[in-house]
Each structure stands twice: as structure tokens, then as C-alpha cells.
Protein chains: 2
Amino acid sequence: MGDVARIAGVSASTVSHVLNGTRKVDSATRLRVEAAIEQTGYRRNVVARSLAAGRTHTVGLSISALTNPYFGSLVHAVERALSDAGFVLILGDSHDDVESEKRVTDSLLERQVDGMIVAPAAGSERVTLPKITRTGTPLVLIDRGVDIGCDRVGPENFSASQSLTEHLLDLGHRRIAVVRGLAGISSTTERFDGYCAALASRGMAVDADLVIDGHSSTDVAEREVRLLMSARDRPTALISLNNSMTIGTLKAVRALGLSIPADVAFSCFDDFEWSDLFEPRLTAAAQDVETIGATAADLLLRRIHGHDAAPQQIRVPTTIHHRNSCGCPDANR
Amino acid sequence: MGDVARIAGVSASTVSHVLNGTRKVDSATRLRVEAAIEQTGYRRNVVARSLAAGRTHTVGLSISALTNPYFGSLVHAVERALSDAGFVLILGDSHDDVESEKRVTDSLLERQVDGMIVAPAAGSERVTLPKITRTGTPLVLIDRGVDIGCDRVGPENFSASQSLTEHLLDLGHRRIAVVRGLAGISSTTERFDGYCAALASRGMAVDADLVIDGHSSTDVAEREVRLLMSARDRPTALISLNNSMTIGTLKAVRALGLSIPADVAFSCFDDFEWSDLFEPRLTAAAQDVETIGATAADLLLRRIHGHDAAPQQIRVPTTIHHRNSCGCPDANR
DNA sequence: CTGAAAGCGCTAACAT
DNA sequence: ATGTTAGCGCTTTCAG
């Protein structure tokens, strides 16, 4: 930058100001500076800039399992919104484990991110999250998490899951098994609650034998569903609470040679690009991932820019696609 | 850091050294420093550290379409390898467009990343890549890209695609259509070359009417395949060259009410988690994404650490899963 | 084994 | 409209 200043015959200060548009510069001198920049191939050092200015234009994102297409789309949406605003994304994988999560977020904090978006692991509200808020770093929770007094955006879980269940109930099913996701995270809980509420509204109790925990693993789900569906009094319908669970469930059903919906009706939370391709086409609750990601970025950016308002808790509507895995007689198409 | 030093009764210099283990410190004083750190809740400022030390422990990754599960897994693998080495990942999406790519990589360079991994967009070798290498920033190309004298790691494309095609040929097909991905990127070219080579080895010429360009869009692929398969002299087999093309192709086939493999045999490049679930199960060439990602991270880390050797061009083997969409009589399982 | 001091490359008052 | 100057918070010679 010194070089540029010298060549343009101005001070470093002026160079800085033309670079950032932070104050009025005579157009003649600006031109000289720009020429000098061009000539030297100068590229500013954002690290130094960050140190001096006290802001990094950087946002940290902590999620688990980028392998999951759902999170891939989420990151994609967040990245786009941030880069449009001149921010850059630092990515950390928490592996859905508080310890890793603490390491990840610590590292982000050390790097002076201007804000953070986190899809909290189970138990995060007791350890990771308070640590972040204590630093004053703007934080928005995404996908899941409890109310800890910060912005939060996630899908509508309860009612979507409830509808999915009621639909099966309407079709006459009385033994509906549910495959839950990872325990301890709000999305699992809320979706399960929706399931329970649907049963309750029909005066039915939840049968513990029909509740399967797939943790966050496709394999576990497959094994458990296989076990359940091998029993003589197997359920007549299956509902899966997230995309990994769905894959495990479908694998189990397939392995047993059962057919959907003839032998067992099926519907699931989370849509796939191939839901339409599956035979039968899957009845699924589709989250609006793009909106969730973009909204999170927006909320965060607003906080970063000093916007000071009551924390918002946003639920993005979930859309149910009635297709035919549920055995629905009147599926569209 | 000044606070910590004062409380521990040492100099900032010593604090720095206990923090980084950069020189021997008497265990008594180290204990005092550590206590002071604990007590103050001190967290180092990595930005300042980076500026002073001249390295950021940061790696930039430029890819397109995180929405694609393939890239999601890639990022996942890279992230893990990097974080194990104490590095952090900054993510940028190039949208498979050189202009965006230039912006992304410029921004990464400004941020003084210690190295970069890029899945180059078409034409990148003429504009983006030289700019990077000129800065001396270690660079490794991933997934695709031509030889520009830097490390490169990607899947084995040619022979896998050739095998896929030969297999169809072996099954008696003579009119095999191919659905290509985005033009101008090496993976598309190499896979198409594999297809051509297979035909050539049987003394067959490539029929231009059987070559479909799906660009990078599922929708385009669907439309084109639909057109092709509606013709009276439609091909007897279809081969798709990447996962997006596969989805488009399958949608088209499904929409036409054709059945696989009875009406048309099918095989594809890229495996899905649900390939096994599809009816019929998909014959596919599976890339070893994890290995590709981890290898790229490794190569880069090595360069960053000053390892100076001839650029490596690594091809990670692609595995063909023979299932039954190809109409294979003896598919395993 | 430890401290002093000179930067790293930039920003942002404060002057003029 | 532009320049001067004092840092931002750390690392790292160089001394002792």
C-alpha cells in the first residue's frame, strides 16, 4: 500500500479511502491511485484491515454432517446471502457432538468472526451457546435449538409432522410406527410431538413398541426397522422423521421384500430430489431450505449491522407433498 | 494478552510462547500464565496473530453447487482433513462461472489464505488459475481441471465411463445414447471420451443424434431425454454422465411411462445413497469422494508446509456397481 | 529462561 | 480534500 501511495503521490490514508470509499477523494487523485493500484497489481491485505478496523466481514457456520444434502443446501443458501453482502463464510463441522462443537466455535471466535450461525448439537445450550453469547458475537440458531434469547430460524416441525400422521390415520391406519432422528435435538422432539399430538387427537395412546430411535444413522434405522417389521404384529404404516431415517427405513422395507404401500404405508419428513422417482412416489413434508438459510443470513447480517431488536423466532412453513407411498387413493397426478 | 502478562507477572512475549509452545518456558511460569489465562477468560486474537506471523492457517475452497450432494461430501472430507491439521476452511461458490470464480478467489487471496483448493469452472485455466499461481499461493485442483502444473486430484473418469459403455455394448445394445454434463469441464470431456472409446473399440461410430447435452441442469436433461425417447427410433440404452443428469434422465423416462431396463437399459456415472433403493437398482460408477477430498487436503497441506516436489496428478479409482438398471442378467444380489 | 522492542499492513481520528 | 499519527493484538528477532 505504501508503494501505491508513493507512485500515486499521495498518503496511505488516501489510498485506504479510495479503496473503501470512506471519504470524498478528488477524482483526479482517485484516478492516480487507481492507476497505481492497477500498475502494481496491488491487492489489499484483509487480515491487516480486519485487525485495524475491528471487523472481519466474516461469518462462522457450525453444522453437522455436510454429507447430508439438507445441510448442503442450507450452506449453499447461507453462502449466497452472505457473499452478496460482502461477507465470507468459514465452515466448521460439529459432528453433532458438543465437544467438537465447542472446538469449532472456539476457533471461530478466535478468528474474530463478526457473527455466527449454528445448528446446535444436543446439549449445546448448556455449554457452547452461552460461551458465544457471552462474547457479544451476534448469533443465530438454525434448523433447531431451543429458545436461548437469540434469533432462531427453522422449519415448521410440529404441525407438518402432525399432518403427516393424521393423514395416515385418516387412511385408516391404527398401528403407525415412527422412526425418530437423533435424540436431544429440537427437530426430533418437535416432530415426534407432532406425531403424538395426532394420535392424541384421535384418542390414541403412543405405543412405545412403535417408536424407533434411529439416532442420526441410516444404518441404525435400517436395522431397527427391519427388526420391527419382521415381527408378526408389525405396524401397517411407517413414518420417518428425517431424510437419513427415510433411507434406512426404505432399505429395511426393501430388504424384507415388503411393498409400499400395499404391505405398509409410508410417509416422511424431508423431501428428496428423487421422491418423485421412487416407486411408489414418496409422500413427504418438504422444508423450504433455501428460505431457512437465506433468512438466517439476513437476521445475522442485521444484527451485525447493529440492528437491535427483540430476538426473532422464525418458523418457515413446511409443505406436504401428497404422493402415493401413503396409499392415498387421490394423490395428485 | 497484556492483561494476562501483567497478572502472571511476565512479558507478553512469554505469554505468546506458552500459547504457541514456541520456546521453552519454565514450568512454574507456564503454570502462572495458564492460570492467568484461565482467570481472565482470555482468548487469543487469530487475526492479529495472522498478521504478525504472516500465515492465517486458513484454506480457501472454491466450488460450484453445494446443492449437489457430491460436492457436499467433498467439502465434508476436505473440512475434516483440514481441521485435523488446525486449519480452517473458507468457502466460496463459483456457480460454475469464471466471473464469479474470479471474485471468489480474489476475495480468498485478499484474505491471505495459506492455500486454495478449487474445482475450476470452464475456462478457469485462462483467467482465474494463473492469477492464483502468480501469487505463489499453493493451489490444488479438485474434481476436474486441466494440467496447469499444479497438484490435481480427481476421479478416474475415462476408464469408468468406458467400462459402463462397454458393459451395455456387451449386453447387445447398439444404440446407446449419452447424456453429458456441463460443457467445457474436464470431467464431462473425459467421461464422454470414455464413451466414444468404448464404441470405437467395437468399430462403432458416435451417432451425434444420440449425444445429449444436459448442461448442468436436471431440467434440461429431462427435457432433452424426453425428446429423444419420444422419437420412433429411440435408443435402446441410456448412459448418464453425472448425478444431476441422472435425475433428469430418470424423470424423463418415468414421465414417458417407459420401464428400465425392459424398454431402455440405463447406467450412470456417480452413485447415490439411494441407488440401491431405486427400482430397478441403478448400475452406477461410484467415485470415492472421501478419498478425493482427503487427498486434496493432504496435497495442499504438504505444499503449505513447504514441501516442494513435482506437481502430482492423482486419479482416484472409480468403482462400478453392477446392479440391474442395465438389464444385467447376473447382477450381484 | 525471559524481556524489550520493532514491526505485520492497514484504519481512523485528528489535523490542516 | 488530504496528510500525520497512533494504534489494532500479536510474533519474533535480538539481548541479556
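Heavy-atom basis, side chains included; hydrogens, waters and symmetry copies ignored. Within every chain, numbering begins at 1; the chains are lettered A, B, ... in the order of the sequence lines, protein sequences first and strands thereafter.
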Practice task
For C/dT11, take OP1 and OP2 only and decide whether either is under 4.0 Å from a side-chain N or O of A/Ser16.
Solution key: yes

Completion exercise
Among the nucleotides D/dC8, D/dC10, C/dT2, whichever has the atom closest to the side chain of B/Thr29 is C/dT2

Handout entry: Nearest non-hydrogen partners of A/Gly145 and A/Pro120, listed with the distance
Key = CA-CG, 3.7 Å

Exercise for the section: For B/Val10, answer base if it contacts any base atom (sugar-phosphate contacts may also be present), sugar-phosphate if it contacts only those atoms, and nothing otherwise; contact means non-hydrogen atoms under 4.0 Å. Expected result: sugar-phosphate

Practice task
Would you mind telling me which of D/dG3, D/dA1, C/dG7 lies closest to the side-chain atoms of B/Ala52?
Solution key: C/dG7

Completion exercise
With the side chain defined as heavy atoms from C-beta on, A/Asp26 is closest, among D/dT12, D/dT4, D/dA1, to D/dA1

Fill in the blank from the handout: From CG of B/Leu51 across to P of D/dG7 the rounded distance in Å is 17 Å

Practice task
Quick one: label A/Arg23 by what it contacts on the DNA or RNA (base, sugar-phosphate, nothing), any heavy atom closer than 4.0 Å.
Solution key: base

Handout entry: Trace of the side chain to side chain contact (heavy atoms under 4.5 Å, CB included) decision for B/Arg315 with B/Val153
Key = CA-CA 6 Å; B/Arg315 289 294 181 167; B/Val153 34; over 6 Å; no

Exercise for the section: Could you check whether A/Thr14 gets within reach of a base, just the sugar-phosphate, or nothing at all, counting any heavy atom under 4.0 Å? Expected result: sugar-phosphate

Completion exercise
From CG of B/Asp114 across to P of C/dC8 the rounded distance in Å is 18 Å

Practice task
Describe the nucleic acid contact of B/Val46 in one word from base, sugar-phosphate, nothing, applying a heavy-atom distance below 4.0 Å.
Solution key: nothing

Problem - Integer-rounded Å distance: D/dC8 C1' and B/Arg43 CZ - result: 19 Å

Completion exercise
Between B/Val47 and B/His17, whichever has its closest DNA chain D nucleotide further toward 5' is B/Val47

Exercise for the section: Kindly say if B/Asn20 contacts the phosphate of D/dT11, meaning a side-chain N or O under 4.0 Å from OP1 or OP2. Expected result: yes

Practice task
Let me know the distance between CG of B/Leu31 and P of C/dC1, rounded to the nearest Å.
Solution key: 15 Å

Exercise for the section: Check whether any side-chain N or O of B/Glu101 sits under 3.5 Å from a backbone N or O of B/Ala121 as a donor-acceptor pair, and report yes or no. Expected result: yes

Practice task
Would you check if the side chain of B/Thr295 reaches a backbone N or O of B/Thr291 as a donor-acceptor pair within less than 3.5 Å?
Solution key: yes

Handout entry: Rounded distance (Å) that lies between atom C1' of D/dC10 and atom CZ of B/Arg44
Key = 11 Å

Practice task
Please state how far atom CG in A/Leu19 lies from atom C1' in C/dG9, giving the value in whole angstrom units.
Solution key: 12 Å

Handout entry: Upstream residue (5' side of DNA chain C) when A/Met1 and B/Arg30 are each assigned their closest nucleotide
Key = B/Arg30

Exercise for the section: May I ask you to decide if A/Asp93's main-chain N or O and B/Glu79's side chain share a donor-acceptor pair within less than 3.5 Å? Expected result: yes

Problem - Whole-Å distance separating the CZ atom of B/Arg32 from the P atom of C/dC1 - result: 14 Å

Exercise for the section: For the side chain of A/Ser13, starting at C-beta, report the closest nucleotide among D/dG9, C/dA4, C/dA13. Expected result: C/dA13

Handout entry: Rounded distance (Å) that lies between atom P of C/dC10 and atom CD1 of A/Ile37
Key = 10 Å

Exercise for the section: Choose from D/dC10, C/dG3, C/dC10 the nucleotide whose nearest atom is closest to any side-chain atom of B/Arg49. Expected result: D/dC10

Practice task
Please confirm whether the backbone N or O of B/Val18 pairs with a side-chain atom of B/Thr22, one donor and one acceptor, at under 3.5 Å?
Solution key: no

